[in-house]
Structures are given as C-alpha cells and as structure tokens.
Amino acid sequence: MRILVTGGAGFIGSAVVRSLTAAGHEVRVLDALLPAVHPSGAVPALPAGVDFRHGDVRDAVAVEQALAGVDAVCHQAAMVGLGLDLDDAPAYAGCNDLGTAVLLAAMARSGVRSLVLAGSMVVYGEGRYRCPAHGDVSPGPRRPDTLDTGRFEPPCPQCGAALRPELVAEDAPADPRNVYAATKLAQEHLAGAWARACGGRVMTLRYHNVYGPGMPRDTPYAGVASLFRSALARGEAPRVFEDGGQRRDFVHVQDVAAANLAALAAVGGRPPGSTRAYNTGSGEVRTVGEMAEALAAAYGGPAPVVTGEYRLGDVRHITADSSRLREELGWRARAAFAEGMAEFAAAPQRV
C-alpha cells in the first residue's frame with residue numbers, strides 16, 4: 001500500500017514510518033516540523049525511499065497534494081501535552097481539530113477512505129474506579145484544597161470512601177479533563193462524522209504512555225518519561241509529582257508502531273461508515289514512581305525525588321485494557337518494562 005503518515009517526522013510518527021517501510025509499504029510523510037517539536041528545524045533521518053513533504057495539515061493545498069495516489073492515511077500529527085492553561089486552547093484546537101478537519105475534508109474529496117487515527121487514553125479522564133458500596137463511579141474534579149494537603153487519591157463522590165482503580169475498556173464513557181484531552185476526543189468525533197458521511201473507515205489507537213528511543217529532549221510537550229530522562233542527562237534527579245503512586249501503562253514506541261501496522265492492514269476490511277477504537281498499552285500497570293526509579297537505576301543517575309507537587313489537569317490513575325487490540329488484530333506488546341527502560345536510559349534523545 002501507499003500510505004500517508006501525517007506527523008511522520010515526530011517521535012511516534014517516525015517509528016511508524018520505519019515499521020511501514022520495513023513491511024514493504026510505500027510511505028509519504030507530511031510534517032510541519034513545528035519548532036516546539038523540532039527546534040532545530042531539521043528533518044530527522046527517515047528510511048530511504050520515503051517521500052517527505054514539508055507541510056501543515058491545516059494547509060488544504062499541501063494536504064490535497066500529499067493525498068494524491070495514497071491508499072490510506074495514518075494520522076499522527078498533533079500538538080501533545082496537557083494544555084493546562086486555557087490560553088493554550090486555540091493552539092491545541094488549531095493543530096489537532098482544525099488540522100484533522102482539513103485532512104478529513106480533503107480525504108472526502110480525494111476518495112481516500114481508510115484512516116488510522118492516533119488517539120489517546122486521555123479521553124477517559126480519571127479512568128475507571130470502583131467503590132465498595134456504589135460500584136463503578138466517576139470521581140469529581142480534583143480540587144487544590146484537597147491536593148495541597150497531600151490527599152491525591154480521589155474519593156467516592158457519593159460516600160467519600162476509598163476507590164479501587166481498575167482497567168479501562170474502550171466502552172468506558174469519555175471524560176476529558178484538560179484542553180489536550182478535549183481536542184483528542186474531538187478528533188475522534190470528527191473522524192466518525194467523516195466516516196458516516198462518505199463511507200470511510202476509521203480505526204483509532206488510544207495510546208497510553210509511549211516511551212522509547214528518539215523521544216524529544218527538554219520540551220514541555222514531552223511525556224513524563226522524557227522529562228525524567230532529560231533530568232538524568234543533566235545530572236539531576238527526576239522530580240516525581242504527587243506521591244509517585246499514579247498508575248500508568250508505559251508502552252514502548254516500537255509496540256505502538258506495530259499496532260499502527262496491524263491497524264492499517266485491517267482498516268480496509270472494515271464496513272464502510274464504521275469506526276473502532278483500540279486501547280494501545282503494554283498491559284503492565286506501573287506507577288510513575290516505579291518508572292522513575294527504573295529509569296534512574298538503569299541510567300546510573302540520582303535517585304528520584306518525590307516532591308508532592310501536582311498539576312491540576314493531571315489525572316490520578318489511568319490504565320488500559322488492551323485485550324480488544326490483542327484479540328481482534330493479533331497484536332502483542334513485545335517490550336518488557338525493565339528491558340524497555342534500560343534501552344531508553346542508554347538511547348540518545350532527539351534534540
């Protein structure tokens with residue numbers, strides 16, 4: 001197949017490009033090389049034969065040209081991070097939602113009907129919790145007056161009892177709790193509207209915490225693993241927010257690339273007008289504190305410091321049930337946590 005990968009010069013996008021070319025696909029990349037992600041402005045090394053186009057998904061002309069002759073689109077281009085400040089909302093909505101809308105409109109005109117969308121677990125908000133008395137509940141908003149006292153675990157909104165965090169399946173209700181999360185959910189809704197209107201097919205991969213070689217260094221848009229790795233490279237201790245007990249699922253970038261490969265192979269066989277979401281996680285529940293400790297030990301740097309600080313837009317626990325992806329697409333996460341963190345600790349970061 002000839003596949004257009006938007007954002008294909010980025011951390012995850014470039015890993016997807018390498019996996020696709022290794023599998024024999026013809027790949028075209030459209031990437032704006034935004035300074036926040038590519039401060040040097042240089043095009044990262046991509047496999048031989050990749051057709052690189054410097055352009056923005058918000059530019060209808062660039063998108064139309066990039067779509068010419070392609071069989072499917074793998075949409076990775078996005079502004080990432082939390083979007084904690086509402087002043088960031090226009091930038092996030094512009095990059096993520098306007099960009100997706102321009103792409104989908106061009107796909108409708110061009111006749112390209114297969115889309116794999118890079119989604120995110122952030123659409124679930126606080127994830128899934130169970131109260132001993134009230135069953136599955138959705139915690140209320142996190143409050144500064146509670147977090148300031150070091151009470152980080154969300155209580156049952158009905159009785160105040162301690163909640164048990166559980167794995168989140170794809171049928172969980174969406175509950176975005178920051179600007180970035182809202183734009184990622186909007187991307188899914190836009191893709192669904194496109195599929196229904198023109199008979200398209202969408203598979204959305206809701207990534208959990210992706211890490212691995214090639215993560216960008218020293219940027220506010222990087223994930224927590226990259227921030228910890230950058231601190232270690234400076235000779236500093238990783239600073240762990242809250243008490244380090246936040247539950248996450250850390251999934252290796254090569255496993256995410258393999259999930260995209262599996263989705264692109266399957267999306268064309270889906271019914272016209274259909275959408276399907278897949279959690280994309282390792283299946284291993286780890287805490288942020290555990291990750292910081294593993295990375296610091298593998299790097300040989302200072303031990304993490306637990307600060308008790310917090311960011312109001314963060315969620316406490318969010319971990320995936322990725323069984324649908326395993327059962328329907330035959331995908332398996334291959335990178336074990338300890339080995340993956342050791343590799344990441346030794347790998348260079350992208351400047």
Side-chain angles (χ1 to χ4, degrees), residues 4-13 29-41 53-67 73-109 115 117-126 141-142 144 174-194 197 202 204-207 209-210 215-224 226-227 241 277 310-315 318 350:
L4 171 64
V5 182
T6 68
F11 166 51
I12 298 175
V29 167
L30 180 68
D31 199 299
L33 300 178
L34 296 176
V37 183
H38 304 274
S40 70
R53 311 281 182 95
H54 184 194
D56 196 306
V57 289
R58 293 168 289 186
D59 182 340
V61 174
V63 171
E64 292 240 12
Q65 293 172 346
L67 283 169
V73 174
C74 184
H75 185 31
Q76 304 291 323
M79 183 176 178
V80 300
L82 285 179
L84 295 176
D85 191 332
L86 285 176
D87 286 339
D88 294 333
Y92 276 93
C95 286
N96 298 351
D97 300 337
L98 176 59
T100 298
V102 171
L103 172 66
L104 293 169
M107 290 176 69
R109 291 191 298 270
L115 173 67
L117 174 64
S120 176
M121 52 80 180
V122 295
V123 300
Y124 299 120
E126 273 290 348
R142 306 187 86 189
D175 186 20
R177 298 202 172 195
N178 55 58
V179 167
Y180 171 61
T183 65
K184 294 305 289 184
L185 182 59
Q187 282 186 306
E188 292 195 30
H189 288 318
L190 287 166
W194 165 82
V202 182
T204 299
L205 301 176
R206 291 174 178 164
Y207 301 157
N209 291 74
V210 186
M215 287 192 87
R217 188 180 71 190
D218 296 326
T219 164
Y221 304 103
V224 66
S226 182
L227 296 175
F241 280 13
Y310 63 86
R311 298 185 300 183
L312 198 58
D314 280 335
V315 298
I318 177 69
R350 193 178 73 228

Trainee: Rounded to the nearest 0.5 Å, how far does CG of Leu103 lie from CG of Leu67?
Mentor: 6.0 Å
Trainee: Start with the C-alpha distance between Val29 and Arg53, add both sets of side-chain angles, then the distance that settles side chain to side chain contact (heavy atoms under 4.5 Å, CB included), and finish with yes or no.
Mentor: CA-CA 6 Å; Val29 167; Arg53 311 281 182 95; over 6 Å; no
Trainee: Just jot down the side-chain contact (heavy atoms from CB on, under 4.5 Å) partners of Ala174, sequence neighbours excluded, or say none.
Mentor: Pro176, Leu185
Trainee: So, the side chain of His75 versus the backbone of Val5: is there a donor-acceptor pair under 3.5 Å, distance only?
Mentor: no
Trainee: Quick one about Tyr310 and Arg142 (side-chain donor to acceptor, distance below 3.5 Å, no hydrogens or angles considered), yes or no?
Mentor: no
Trainee: Please name all residues satisfying side chain to side chain donor-acceptor pair (under 3.5 Å) with Asp56, sequence neighbours left out, ordered by chain then number.
Mentor: Arg58
Trainee: If you measure from CD on Glu126 to CG on Asp314, what distance do you get to the nearest 0.5 Å?
Mentor: 9.5 Å
Trainee: Taking only residues two or more places apart in sequence, or in another chain, which ones meet Asp59 in a salt bridge (charged side-chain N to carboxylate O under 4.0 Å, His left out)?
Mentor: none
Trainee: Can you list everything that forms a side chain to side chain donor-acceptor pair (under 3.5 Å) with Glu64? Sequence neighbours excluded, please.
Mentor: Arg109
Trainee: Only counting residues at least two apart or in another chain, list the ones meeting side chain to side chain donor-acceptor pair (under 3.5 Å) with Ser120.
Mentor: none
Trainee: May I ask you to decide if Ala89's main-chain N or O and Tyr180's side chain share a donor-acceptor pair within less than 3.5 Å?
Mentor: no
Trainee: Which pair of heavy atoms, one from Leu190 and one from Asp97, lies closest together, and at what distance?
Mentor: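 It is CD1-O, 3.6 Å.
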Trainee: Going by the salt bridge (Lys or Arg N to Asp or Glu O under 4.0 Å) test, which pairs reach into residues 176-186, not counting sequence neighbours?
Mentor: Asp175-Arg177
Trainee: Looking at every non-hydrogen atom in both residues, tell me the closest pair between Ala277 and Arg206 and how far apart they are.
Mentor: CB-CZ, 3.6 Å
Trainee: Answer yes or no: is there a donor N or O on one side and an acceptor on the other, between the side chain of Thr204 and the main chain of Leu117, under 3.5 Å?
Mentor: no
Trainee: Start with the C-alpha distance between Val63 and Leu4, add both sets of side-chain angles, then the distance that settles side chain to side chain contact (heavy atoms under 4.5 Å, CB included), and finish with yes or no.
Mentor: CA-CA 10 Å; Val63 171; Leu4 171 64; 5.7 Å; no
Trainee: Do you know the tightest heavy-atom contact between Gln187 and Ala118?
Mentor: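 That would be OE1-O, 4.1 Å.
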Trainee: Which atom names give the shortest non-hydrogen contact between Val315 and Gly125, and what distance separates them?
Mentor: CG1-O, 3.3 Å
Trainee: Check side-chain contact (heavy atoms from CB on, under 4.5 Å) between Ala9 and all other residues, then give those that pass, not counting sequence neighbours.
Mentor: Asp31, Leu33, His38, Pro44, Phe52
Trainee: Using the test side chain to side chain donor-acceptor pair (under 3.5 Å), find all partners of Thr183 that sit at least two apart in sequence or belong to another chain.
Mentor: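 Here the qualifying residues are Asn96.
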Trainee: Before you tell me yes or no, could you show the steps for Phe241 and Val224 under side chain to side chain contact (heavy atoms under 4.5 Å, CB included), namely the whole-Å CA-CA distance, both residues' side-chain angles and the distance that decides it to 0.1 Å?
Mentor: CA-CA 10 Å; Phe241 280 13; Val224 66; over 6 Å; no
Trainee: Could you report the tightest heavy-atom contact between Asp87 and Pro90, atom names first, then the distance?
Mentor: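 Nearest pair, atom of Asp87 first, then Pro90: O-CD, 3.4 Å.
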Trainee: OG/Ser226 to CE/Met215 distance, rounded to the nearest 0.5 angstrom?
Mentor: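 Taking OG in Ser226 and CE in Met215, the distance rounds to 4.5 Å.
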